[in-house]
Chemist: 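Provided herewith is a single structure, encoded as structure tokens, for subsequent inquiry.
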Amino acid sequence: MELVIRNARLADGTGGPAPVDIGIAGGRIVAIEPRIAADAKTYDAAGRLACAGLIETHIHLDKARIIDRCTPQPRASLSPVKGVTPLKPAMTVEDVRERARRTIEDCIRHGTTRMRTQLEVDPGIGMRGFEAVQSLADEFRWAIDIEICVFAQEGLISYPGTDELLVEGLKRGAKLIGGAPRYDKDPAGQIDRVFQLAREFDVDIDLHLDVGTTADHMDIHQVRELTERYRRGGRVTVGHMAKLSLMPPRDVEALGRRLADCGIAVTVLPATDLFLMGRDRDHKVPRGVADANLLLGQGVNCSLSTNNVLNPATPYGDCSLIRVANLYANVLQLDRQNELDECFRMLTDRSARLMNCSDYGIAVGNPADIVVIDAVSGAEAIAQIAQPVAAFKRGRQTMHWPTPQIIAPDAR
């Protein structure tokens, strides 16, 4: 063995109530048992929680950290797209690389080891954002696995030239295709085209879906019908779904059962949806955050994710997924341990399942991707916004965050 992580408390509970040791060789986990006897380098987790890394399932690296460039907009009519669109022509590859680099580094510091990033491709930005982030995915492979979803933010049918750029991105290695139908003059046509391209290139789908002030019209029904028709179950994710927060629970449950039956996953993005929802109200403001736990109860796989960082859609953020999950738990008023445990799972194994990661988890034979968190359980990590204190990628330590210490005056 080359490394032993000692006294780690496993997030999935497979190690029992007592901490265990994790033996690593050749970048993989080779043993999980108490008190491994080995002449190897060691890291003492000191009874803290260990998981196979946190997972960002939906983040926009290409437009992170631009809030200082954006013209302020009226509160009631704020449009993130209108804030970003004028800036795109001036975004160079190096500009995107610098902003995305800082965001990736913050994600690594907060325990993220895998990521799906949404990248806009259209005539305004061309392939510059794609080129920047694709190069960073190679550069940071030592600490984080990054997969790219190319998508049409400002329209596909209504924005000539976007279709060709989506195709180019898929040919150049993007693993997914997505869209934002509500910004298109033909939302149904955009959804149809996304499914067509997904089948042509055999990639998964991740759509921004159903954000609005009423639940009168929802695109999820067309997405569900196409998922069933083309047998894409397990390969379709819908992000946001803020309109679910405007529906009675019984209606959400009924829709959830249909989504579970056809294999559509949901990513909830609480920071963004809470910030953007209800801007037309000056009282009784709707929260706009879908109840993922309610969906889980109907068999829907869900994740929680960051979405935006320091841009018009979310003008703050530190890339802490645990903080995002804590915000979500506050908004949904969750206080049971099992509910908070599910919040943690929506950052870890549920996210891995959403991204079809077959090698995720602390198990013998899997990559030695391990994050140690200053908590003893997933529920405690969410409730206390616990800090990840160390991270390992394929057996190599990639992050160390010393725990704070109180310095009392000398005893007299």
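Nothing here was measured: the structure is a model prediction, and the numbers come from that model.
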Chemist: Side chains of Asn307 and His58: closer than 4.5 Å at any heavy-atom pair?
Modeler: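 They are in contact (side-chain heavy atoms under 4.5 Å apart), so the answer is yes.
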Chemist: Closer than 3.5 angstrom, by distance alone: can the side chain of Glu339 be matched with the main-chain N or O of Asp335 as a donor-acceptor pair?
Modeler: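 At least one qualifying donor-acceptor pair exists.
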Chemist: Strictly below 4.0 Å, N to O, side chains only: are Glu105 and Arg102 in salt-bridge contact?
Modeler: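 So Glu105 does not pair with Arg102 through a salt bridge.
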Chemist: With a 3.5 Å distance limit and no angle check, can you tell me whether Asn311 reaches the backbone of Lys63 through a side-chain donor-acceptor pair?
Modeler: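 Flag set: sc Asn311 to bb Lys63 pair under 3.5 Å.
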Chemist: Could you tell me the separation between the CD atom of Glu56 and the OG1 atom of Thr306, rounded to the nearest 0.5 Å?
Modeler: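 It is 3.0 Å, given to the nearest 0.5 Å.
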Chemist: Is it true that Arg114 and Asp359 have a side-chain N and a carboxylate O under 4.0 angstrom from each other?
Modeler: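 Between Asp359 and Arg114 there is a salt bridge, with a charged N closer than 4.0 Å to a carboxylate O.
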Chemist: Is a donor on one side and an acceptor on the other found under 3.5 Å between the side chain of Asp280 and the backbone of Ala76?
Modeler: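 Flag not set: sc Asp280 to bb Ala76 has no pair under 3.5 Å.
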Chemist: Could you tell me whether the side chain of Thr348 and the main chain of Leu54 form a donor-acceptor pair under 3.5 Å?
Modeler: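 Side chain of Thr348 to backbone of Leu54, a donor-acceptor pair under 3.5 Å: no, none is there.
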Chemist: Where the side chain of Asn301 meets the backbone of Arg350, is there a donor-acceptor pair that is under 3.5 Å apart?
Modeler: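 Pair found, side chain donor or acceptor close to backbone of Arg350.
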Chemist: Between Asp273 (side chain only) and Val289 (backbone N and O only), is there a donor and an acceptor less than 3.5 Å apart?
Modeler: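 Not at all, since once roles are kept as given, no pair shorter than 3.5 Å links the two residues.
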Chemist: Using a 4.5 Å cut-off on heavy atoms from C-beta on, say whether the side chain of Val252 contacts that of Gln298.
Modeler: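 Heavy-atom side-chain distance check fails, nothing below 4.5 Å.
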Chemist: Determine yes or no for a side-chain-to-main-chain donor-acceptor pair under 3.5 angstrom, with Lys243 supplying the side chain and His217 the backbone.
Modeler: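 Side chain of Lys243 to backbone of His217, a donor-acceptor pair under 3.5 Å: yes, one is there.
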Chemist: Arg75 side chain to Arg279 main-chain N or O, any donor-acceptor pair under 3.5 Å?
Modeler: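 Yes, the answer is positive, given that a donor and an acceptor are paired below the 3.5 Å cut-off.
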Chemist: One thing to verify: whether Arg394 and Asp145 come together as a salt bridge, which I'm taking to mean a side-chain N less than 4.0 angstrom from a carboxylate O.
Modeler: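 Arg394 and Asp145: salt-bridged.
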Chemist: Measure the shortest side-chain to side-chain distance between Leu347 and Ile382 over non-hydrogen atoms and say whether it is less than 4.5 angstrom.
Modeler: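 Answer yes - side chains close enough.
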Chemist: For residues 373-380, dump all side-chain donor-acceptor pairs below 3.5 Å to protein atoms at least two apart in sequence or in another chain.
Modeler:
residue: Asp374; atom: OD1; partner: Arg48; partner atom: NE; Å: 3.0
residue: Ser377; atom: OG; partner: Glu380; partner atom: N; Å: 3.1
residue: Glu380; atom: OE2; partner: Val376; partner atom: N; Å: 3.2

Chemist: What do the steps show when you test Asp62 against Arg128 for salt bridge (Lys or Arg N to Asp or Glu O under 4.0 Å), and what is the final call?
Modeler: CA-CA 9 Å; Asp62 54 345; Arg128 297 189 298 279; over 6 Å; no
Chemist: Say you draw a straight line from CG of Leu304 to CG of Asn326; how long is it, rounded to the nearest 0.5 Å?
Modeler: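 With rounding to 0.5 Å, CG (Leu304) is 11.0 Å from CG (Asn326).
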Chemist: Are Asp95 and Arg99 ion-paired here, with the side-chain N under 4.0 Å from a carboxylate O?
Modeler: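 Counted as a salt bridge, because a side-chain N and a carboxylate O are separated by less than 4.0 Å.
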Chemist: Could you tell me whether Tyr183 and Tyr159 have their ring centroids closer than 6.0 angstrom?
Modeler: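 No - the distance between ring centres of Tyr183 and Tyr159 does not fall below the 6.0 Å cut-off.
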Chemist: Is it true that atom CZ of Arg229 has more than 12 heavy atoms of other residues, nucleotides or ligands lying nearer than 6.0 Å?
Modeler: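 More than 12 heavy atoms, drawn from other residues, nucleotides or ligands, come within 6.0 Å of this atom.
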Chemist: For the side chain of Gln190 and the backbone of Ile157, is there at least one donor-acceptor N/O pair under 3.5 Å apart?
Modeler: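 No, the answer is negative, given that no donor and acceptor are paired below the 3.5 Å cut-off.
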Chemist: For the NZ atom of Lys82 and the OG atom of Ser79, what is their distance to the nearest 0.5 Å?
Modeler: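 Answer for the NZ-OG pair, Lys82 versus Ser79, is 5.5 Å.
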Chemist: Using modelled atom types only, decide if a donor and an acceptor are shared between the side chain of Ser305 and the backbone of Thr57 within a distance under 3.5 Å.
Modeler: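 Checked: pair present.
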Chemist: Atom CG of Asp206 and atom CD of Gln118: how far apart are they, to the nearest 0.5 Å?
Modeler: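 Atom-to-atom, Asp206:CG and Gln118:CD are 4.5 Å apart.
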Chemist: Roughly how far apart are Tyr360 OH and Arg353 CZ, rounded to 0.5 Å?
Modeler: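 One gets 14.0 Å once the value is rounded to the nearest 0.5 Å.
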Chemist: Mark yes or no: Arg232 above the aromatic ring of Phe195, with NZ or CZ under 6.0 Å from the six-membered ring centre and no more than 45 degrees from the axis.
Modeler: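 Judged by the rule, Arg232 and Phe195 form no cation-pi pair.
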Chemist: Around atom CZ of Arg69, are there more than 12 heavy atoms from other residues, nucleotides or ligands closer than 6.0 Å?
Modeler: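 Enclosed: over 12 neighbouring heavy atoms sit under 6.0 Å from CZ of Arg69.
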Chemist: With a 4.5 Å heavy-atom cut-off, do Leu3 and Phe392 have their side chains touching?
Modeler: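 Yes - at least one pair of side-chain heavy atoms lies under 4.5 Å apart.
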Chemist: Thinking salt bridges, do Arg258 and Asp261 make one under a 4.0 Å N-O criterion?
Modeler: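 The answer is no: the pair does not qualify as a salt bridge.
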Chemist: Is any NZ, NE, NH1 or NH2 atom of the basic residue among Arg172 and Glu131 found under 4.0 Å from an Asp or Glu carboxylate oxygen of the other?
Modeler: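 Salt bridge: yes.
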Chemist: Working to the nearest 0.5 angstrom, can you tell me the gap between Thr85 OG1 and Ile125 CD1?
Modeler: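 Interatomic distance, Thr85 OG1 to Ile125 CD1, rounded to 0.5 Å: 11.0 Å.
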Chemist: Got more than 12 heavy atoms from elsewhere within 6.0 Å of CZ, Arg336?
Modeler: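 No, the 6.0 Å shell around CZ holds no more than 12 heavy atoms from other groups.
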Chemist: Below 4.5 Å, heavy atoms only, C-beta onward: do Ile148 and Val133 meet side chain to side chain?
Modeler: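 Counting from C-beta outward, Ile148 and Val133 do come under 4.5 Å.
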Chemist: In terms of heavy-atom contacts, does CD of Gln337 have more than 12 from other residues, nucleotides or ligands at under 6.0 Å?
Modeler: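 Atom CD in Gln337 is not packed in, count stays at 12 or less.
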Chemist: Should the pair Arg345-Glu342 be classified as a salt bridge under the 4.0 Å nitrogen-to-oxygen rule?
Modeler: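 Glu342 and Arg345: salt-bridged.
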Chemist: Ser158 and Asp184: side-chain hydrogen bond (donor to acceptor under 3.5 Å, both in side chains), yes or no, with the steps?
Modeler: CA-CA 6 Å; Ser158 58; Asp184 209 307; 3.3 Å; yes
Chemist: Is the Phe151-His60 ring centre distance short of 6.0 angstrom?
Modeler: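 Phe151 vs His60: aromatic centres under 6.0 Å.
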Chemist: Show, in sequence, the C-alpha distance, side-chain angles and deciding distance for Arg6 and Asp21, and conclude whether the salt bridge (Lys or Arg N to Asp or Glu O under 4.0 Å) test is met.
Modeler: CA-CA 4 Å; Arg6 298 198 180 278; Asp21 294 350; 2.6 Å; yes
Chemist: Heavy atoms, side chains only, cut-off 4.5 Å: are Val84 and Gln153 in contact?
Modeler: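 Side-chain contact under 4.5 Å: no.
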